[in-house]
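Here the structure comes first, spelled out in structure tokens, and everything after it is commentary.
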Protein chains: 2
Amino acid sequence: MNLKQLSDILNLSQTTVSRALNGYPEVREATRRRVMEAARRYNYTPNTRAKGLATGRAMSIGHVIPLSRKHEILNPVFGDFITGASEAYVATGYDLVLSLVPDDVQAEHYRNLGAKGNVDGIILHGPLVSDSRIELLREIGLPFLVHGRSSGIEETYPYLDMNNRRAFARATRHLIELGHRRIALLNGDESMDFAARRRAGYEDALREAGIRIDPSLIVSGEMTESLGLQAAGEMLDRPEAPTAFLTSSIVIALGVERAGFRRGLAIGRDLSIITHDDALSYLPNGSDEPLFTATRSSVREAGRRCAELLLASIANPDAPPPQELLEADLIIGRSTGPAPRKDI
Amino acid sequence: MNLKQLSDILNLSQTTVSRALNGYPEVREATRRRVMEAARRYNYTPNTRAKGLATGRAMSIGHVIPLSRKHEILNPVFGDFITGASEAYVATGYDLVLSLVPDDVQAEHYRNLGAKGNVDGIILHGPLVSDSRIELLREIGLPFLVHGRSSGIEETYPYLDMNNRRAFARATRHLIELGHRRIALLNGDESMDFAARRRAGYEDALREAGIRIDPSLIVSGEMTESLGLQAAGEMLDRPEAPTAFLTSSIVIALGVERAGFRRGLAIGRDLSIITHDDALSYLPNGSDEPLFTATRSSVREAGRRCAELLLASIANPDAPPPQELLEADLIIGRSTGPAPRKDI
DNA sequence: CAGGATATTCAAAGCGCTTTGAGACCCGCC
DNA sequence: GGCGGGTCTCAAAGCGCTTTGAATATCCTG
């Protein structure tokens, strides 16, 4: 069923039907009702492509997920982010076009997305430190919004980020106040901006407390269970083992916990853990009382907000670029406690 | 840059340029090269919407993820699936349109997708037992392919599934051969088809061995770490505790493991665990030797294959509906061993 | 009830592309 | 040198929608 068929049935012109459907004022109420009614009856839905061609708007947003050739890991966070974004899109009739693109063809892909005209805007995922894609997107002229930030980019650009630095500084400070001195950091890949900022926060707090930064207590890499298991295992076997771990994701923390279990260490007593918790739906941090003490910030909420901001800036292109910084909560669970006596 | 501008620059008609670009034979090679060259130089990419309008093909595939209102959990498996599917799409120039749709508006959403004409086909995720969406999609007439199957649907429909029943029967048999008699099953929500089949496989093997099926050893629900922790914890505290667990996902298995740790049980000796392993990129089952004994089937591979099958059946609508069944591997890790002596 | 204002409706031009049917050009052959 | 056949190129008609500018009803006032 297309517009012409519908208007023929109604004995109206296409113009009138279109206007009636799109809420223009030049249509008598009775006519509009009649049209609406018929549209529903015949299950008429305007063809998106044709509508897009005519209006110049694609009614869809592109999400481009970088896929490293080296470690082809799709960030598990992504699913929740998308869920949140989707909420905003569904509410406004937008579609979500997803592309997973290998690093080496990213630039080309962004250019194509612009030229092909099938998205009205782009959400940029997984920004690196000094990420060149930001400049590229500005150059292309397609509206965009960065989920995260990129240190080292001077110009202002639209973003929504979580205050990683402050969150990790707070967490580190909390451990220090509990008497811990040897605090390990198991971080994500530090070429990613978020991980670099988390490390900066960790170092801020240590410096502040006059604690030497020990590079042998810092590991960064893919955020998997085995990273936690292996790195923590190795560190715990040292004579001067850390008494506390700060980890960038719950999955890593689970690995640390296991390394502790294997060595007969009680979590929260012999060994403290604070993790960042993205509040992923399928990895809840305990059901009632949180398992891990954690800096928590819902990535789903971030997804929703990102989508809202991008849609708003598409609707109003002259507004200044949106920039938002979410703060994480520090929630206390059962994985932290005072540093063991002998270590104070 | 659009076709007209490009053809003006080249002093050619739009037709000629279009034909040159799309590989039609009526263009001299020299001309074609000249056109190609210019297209690259000016970074011309045909507008998808316009092309779609003219050809009637959207060059994109819709993935509809059901989002239960009750437990808003996005299956973590989904990320890897999409990654796989993406590989097939990128190779053929298709886009991936994603929608997360609450259960109660699914039917409407499928209808709209059809009418709006912005996808050429649909991948149906998360089929339930007797899933009515399959009938709906057939009625709508849009090409589709089910990832999984739906028991209780009589007509043939295109699908790609993993042989869940056989996989779980094999795993259960393996435990039985190791001497286990009290084997618990921690399953996904059994209104989902895959979970129902897994349970059937588990029961097949028990029946075969003449072991009574004990409903108190079967739990199904959301596949989270805490499900594993709680269900296993509760079972292990019984006088007649199970000696082995079969779980539907690694996350559950991690929970079981933790419940074991907490009770001082050695995994692989006091307690055996077999899990299904979707080979998720961010949840590797150990780095060299597998942590868990597992039935393994890469969901990413499944994604790639689903996409390929759907694209093939779009290209050739008269072919019989593709139906494929993947077999899972049973890989032996360190989480299984003979049943403890006293229990034999 | 004429005349102008207002409320409705219409025909037609685009949006950027593909594709059809026809025309121009060039070649070699008789 | 004219003609048939191949090779290229072209103008124009759609694809389904929005939107402009004009036409037609309808209504109200004096």
Side-chain angles (χ1 to χ4, degrees), chain A residues 1-36 38-39 42-60 93-95 112-120 142, chain B residues 1-36 38-39 42-60 93-95 112-120 142:
Chain A
M1 170 69 59
N2 61 22
L3 187 59
K4 178 153 182 9
Q5 296 170 329
L6 184 63
S7 57
D8 282 354
I9 290 179
L10 286 164
N11 263 321
L12 291 174
S13 74
Q14 299 189 33
T15 318
T16 307
V17 175
S18 169
R19 295 206 141 141
L21 255 21
N22 291 309
Y24 283 73
E26 315 86 326
V27 179
R28 182 172 28 168
E29 256 325 298
T31 310
R32 186 191 308 281
R33 266 203 305 280
R34 196 162 69 93
V35 171
M36 295 291 221
Y42 297 101
N43 193 26
Y44 166 79
T45 315
N47 180 299
T48 326
R49 288 193 302 267
K51 193 162 179 164
L53 232 205
T55 58
R57 305 196 308 147
M59 290 307 280
S60 63
Y94 273 78
D95 277 332
N112 274 355
L113 272 186
K116 286 198 306 181
N118 48 356
V119 301
D120 296 320
L142 206 57
Chain B
M1 170 70 58
N2 61 21
L3 187 59
K4 179 156 183 7
Q5 296 169 332
L6 184 64
S7 56
D8 283 353
I9 289 180
L10 286 163
N11 263 321
L12 291 173
S13 73
Q14 298 189 33
T15 318
T16 307
V17 175
S18 169
R19 294 205 142 142
L21 255 21
N22 290 310
Y24 282 73
E26 315 85 328
V27 179
R28 181 171 30 169
E29 257 323 300
T31 311
R32 188 193 306 282
R33 267 203 304 280
R34 195 161 69 94
V35 171
M36 294 289 219
Y42 296 101
N43 193 28
Y44 165 79
T45 316
N47 181 300
T48 325
R49 288 192 302 267
K51 193 162 178 164
L53 232 205
T55 58
R57 305 197 308 146
M59 290 306 282
S60 63
Y94 273 78
D95 278 332
N112 274 354
L113 272 186
K116 286 198 307 180
N118 47 358
V119 302
D120 297 320
L142 206 56

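Each chain gets a letter, A, B and so on, in the order the sequences are listed, and its residues count up from 1.
Judged purely by atom type and a 3.5 angstrom limit, B:T31 has no side-chain atom pairing as donor or acceptor with the backbone of B:V27.
Residue B:L53 places its side chain closer to D:dC15 than to any other of D:dT18, C:dC15, D:dC15. Proximity note for A:T15 (side chain, C-beta onward) versus D:dT19, D:dG16, D:dA11: the nearest is D:dT19. Taking only side-chain atoms of B:N47, from C-beta outward, the nucleotide of D:dT19, C:dC17, D:dG16 with the closest atom is C:dC17. For A:Q14, taking side-chain heavy atoms from C-beta onward, the closest of the listed nucleotides C:dC17, D:dC17, C:dC10 is D:dC17. With C:dG16, D:dT9, C:dA11 as the choices, the nucleotide that has an atom nearest any side-chain atom of B:T31 turns out to be D:dT9.
Residue A:T16 places no side-chain atom within donor-acceptor reach of the base of C:dT8, judged by atom type and a 3.5 Å distance cut-off alone.
For the pair A:K4 and D:dC17, the criterion of a side-chain N or O lying under 4.0 Å from OP1 or OP2 is not met. Dashed line: the shortest gap from a side-chain N or O of A:N2 to OP1 or OP2 of D:dC15 is not under 4.0 Å. Of the side-chain N and O atoms in B:Y44, one or more sit less than 4.0 angstrom from OP1 or OP2 of C:dC17.
We find the CD-OH distance between A:Q5 and A:Y42 to be 11.0 Å, quoted to the nearest 0.5 Å. In this structure, B:L21 CG and B:M36 CE are separated by 6.0 Å, a value rounded to the nearest 0.5 Å.
If you take CD of B:E26 and P of C:dT19, they are 11 Å apart, rounded to a whole angstrom. Summarising the geometry, the separation between CG on B:N22 and P on C:dG16 is reported as 17 Å, rounded to the nearest angstrom. Spacing between atom CG of A:L3 and atom P of C:dA13 amounts to 18 Å, rounded to whole angstrom units. Whole-Å rounding puts the A:Y24 OH to C:dT9 P distance at 16 Å. Distance CG (B:L21) to P (C:dT19): 13 Å, rounded to an integer number of Å. Atom C1' of nucleotide C:dG16 and atom CG of A:N118 are separated by 14 Å, given to the nearest angstrom. Rounded to whole Å, atom P of C:dT9 lies 16 Å from atom CG of A:D8. Taking atom CE of A:M1 as the reference point, atom C1' of D:dC17 lies 15 Å away to the nearest angstrom.
Using modelled atom types, one finds a donor on one side chain and an acceptor on the other under 3.5 Å when comparing A:S13 with A:T16. The closest side-chain donor-acceptor pair between B:N47 and B:N2, if any, does not fall under 3.5 angstrom.
Among the heavy atoms of the strands lying under 4.0 Å from B:R19 is at least one base atom, whether or not backbone atoms are also near. Note on A:S18: a base of the nucleic acid sits closer than 4.0 angstrom, heavy atoms only.
With DNA chain D read from its 5' end, the first of the two nearest nucleotides for B:A50 and B:N11 is the one closest to B:N11. Where B:R28 and A:P46 each meet DNA chain D at their nearest nucleotide, the meeting point lying more 5' is that of B:R28.
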_Audit row: B:N43, B:M1, side-chain contact (heavy atoms from CB on, under 4.5 Å) steps and yes/no_ = CA-CA 8 Å; B:N43 193 28; B:M1 170 70 58; over 6 Å; no
